There are 2 protein chains.
Amino acid sequence: MNKKPNYDEKISEEMRIFEDLLRKEGLRITAQRILVAKTIFGMHTHFTADSLLEHLKDRRGEISKATIYRILSIMVSGNLLSEHNFGKDYKYYEHIVGHEHHDHIICEDCNRIVEFTSPEIETLQHQIAKSKGFDLTGHKLNLFAKCEKRESCEHFKKKNDSHI
Amino acid sequence: MNKKPNYDEKISEEMRIFEDLLRKEGLRITAQRILVAKTIFGMHTHFTADSLLEHLKDRRGEISKATIYRILSIMVSGNLLSEHNFGKDYKYYEHIVGHEHHDHIICEDCNRIVEFTSPEIETLQHQIAKSKGFDLTGHKLNLFAKCEKRESCEHFKKKNDSHI
DNA sequence: GTACATGCAAATGGTTTGCATCTTT
DNA sequence: AAAGATGCAAACCATTTGCATGTAC
């Protein structure tokens, strides 16, 4: 992996940011890091280490699980990725480069993860932290819910899918 | 363990609720379950399986770690205990019998966990879920923050304590 | 007495790490 | 060449579980 990278138009900006991060941290630009980052920037859903590995199944010879975890960790600390628990035993990730901040609704019926933003809630959070003597640095707000029309939810069948 | 229980005045109500839960579920009232429940109801902080074990150190002959996990699980599904992640690799618990619902501020400086309530945020959450087609069943809101006056924070020294 | 509960040690499962080998710089 | 990165398998570690023994009812 030594050529000038030539990414798809759509993710070139994200890749530039990723490479900048690597350089800033004195880390090397390797084939594995490029492969994982491209894959992540090409996915527009929440994912887990396992589902990422699944997306890479046709390229499995090129990357190991250990390296995936190592790259996820770099991207999280570099703020290209956010990490979520959602009450499960494994972590979810989502890439946040160029995405505006949002919180999540997790459907207990169909496992869907829906995003939302609420400037009002954000404002209240700051006020609350302040009133308790803290400076807010971040937050996680997860709403757990059920589809209003369970029977007509086309996602319901996915309920028992493994890490989506 | 066969005598009529005679709990401290202050936690007798909680213990009654706990025993009712056991009976409702067809579970037996054992010495270990009583011991763990009394300990939990006597603690008014967030705790982990390990810190609970620590609280029980003088009674260690009487209970095993496996049983503690089994009892925590009963109390969580019976809604006597809530379970939190707080971004760590182990779970936090807090007993919620007779406690009004609240959310948490987690201080990244001193590890303190401070509670707050916000009816405004709760209302907004319901509206948001509704607007996205969900019925809200629960939520977790964690605010991550830093003490405004770090240097004068008397909790700061605890920063590197293990599971508080 | 029987079904359930406990303790122990072993298993689980996601994630991390040691180390020998390969790559980037 | 030297510093880093990777892959593999083993280690980690909180939590769970199988099974023989104990206990509530």
Side-chain angles (χ1 to χ4, degrees), chain A residues 1-5 18-37 46-54 56 59-78 81 83-93 162-164, chain B residues 1-5 18-37 46-54 56 59-78 81 83-93 162-164:
Chain A
M1 195 2 161
N2 225 335
K3 315 207 170 51
K4 189 109 284 180
F18 176 58
E19 293 191 3
D20 285 350
L21 169 67
L22 293 179
R23 274 187 284 267
K24 177 164 66 76
E25 299 294 329
L27 301 170
R28 290 172 179 177
I29 296 175
T30 67
Q32 289 86 341
R33 287 174 179 165
I34 298 297
L35 172 60
V36 169
H46 303 78
F47 62 92
T48 65
D50 266 6
S51 71
L52 179 55
L53 209 44
E54 191 58 29
L56 286 166
R59 320 267 315 248
R60 271 320 308 283
E62 306 172 41
I63 183 100
S64 74
K65 200 172 216 182
T67 297
I68 286 187
Y69 278 109
R70 285 188 274 235
I71 298 173
L72 288 174
S73 155
I74 292 169
M75 296 180 79
V76 169
S77 24
L81 232 50
E83 196 176 68
H84 302 282
N85 266 94
F86 295 152
K88 301 287 174 55
D89 288 328
Y90 37 83
K91 291 171 182 151
Y92 279 84
Y93 299 88
S162 52
H163 328 165
I164 299 185
Chain B
M1 199 355 165
N2 225 336
K3 318 207 167 51
K4 190 108 283 178
F18 176 58
E19 294 191 3
D20 284 349
L21 169 67
L22 292 180
R23 275 187 284 267
K24 176 164 67 75
E25 299 293 329
L27 301 171
R28 290 169 179 177
I29 296 175
T30 66
Q32 289 87 341
R33 286 173 181 167
I34 297 298
L35 172 60
V36 169
H46 303 79
F47 62 92
T48 64
D50 266 6
S51 71
L52 179 55
L53 210 43
E54 190 59 29
L56 287 165
R59 320 267 314 249
R60 270 323 306 283
E62 306 172 41
I63 181 100
S64 75
K65 201 172 216 179
T67 297
I68 285 187
Y69 278 109
R70 285 188 273 236
I71 298 173
L72 288 174
S73 156
I74 292 169
M75 295 180 80
V76 169
S77 23
L81 232 48
E83 196 176 71
H84 302 282
N85 266 93
F86 295 153
K88 302 286 175 56
D89 289 328
Y90 38 85
K91 291 171 183 151
Y92 280 83
Y93 299 88
S162 51
H163 328 165
I164 298 185

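All values reported here derive from a predicted model rather than from experimental measurement.
- Between B/I29 atom CD1 and C/dT6 atom C1' there is a gap of 17 Å when expressed in whole angstrom units.
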Could you list, one pair per line, each protein nitrogen or oxygen that sits under 3.5 Å from a nitrogen or oxygen of nucleotides 17-21 of chain D, together with the distance?
none

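- Applying the side chain to side chain contact (heavy atoms under 4.5 Å, CB included) rule to B/E54 yields the partners B/K57; only residues at least two apart in sequence or on another chain are considered.
- With sequence neighbours left out, the side-chain hydrogen bond (donor to acceptor under 3.5 Å, both in side chains) criterion links A/R60 to no other residue.
- A/K65 meets the side-chain hydrogen bond (donor to acceptor under 3.5 Å, both in side chains) test with A/D50; sequence neighbours excluded.
- Taken over five-pair windows at either terminus, the axes of the helix from C/dG1-D/dC25 to C/dT25-D/dA1 are inclined to one another by 30° (rounded to 10 degrees).
- A side-chain contact (heavy atoms from CB on, under 4.5 Å) with B/R33 is found for one member of B/L21, B/I63, B/I74 and no other, namely B/I74.
- Remark: the B/R28 side chain and the C/dA3 base include a donor-acceptor N/O pair separated by less than 3.5 Å.
- Here the nucleotide nearest the side chain of B/K65, chosen from D/dT15, C/dG7, C/dT15, is D/dT15.
- Judged as a side-chain hydrogen bond (donor to acceptor under 3.5 Å, both in side chains), and not counting sequence neighbours, the contacts of A/S64 are A/T67.
- Take A/E83 and apply the salt bridge (Lys or Arg N to Asp or Glu O under 4.0 Å) test, not counting sequence neighbours, and it matches no residue.
- Among C/dG7, C/dT15, D/dG7, the nucleotide with an atom closest to any side-chain atom of B/Q32 is C/dG7.
- Considering only residues two or more places apart in sequence or on other chains, B/E25 meets the salt bridge (Lys or Arg N to Asp or Glu O under 4.0 Å) condition with none of them.
- Partners of A/S73 according to the side-chain hydrogen bond (donor to acceptor under 3.5 Å, both in side chains) rule, which considers only residues two or more places apart in sequence or in another chain, do not exist here.
- Taking the side chain of A/R33 as heavy atoms from C-beta on, and the options C/dA5, C/dT15, D/dT6, the nearest nucleotide is D/dT6.
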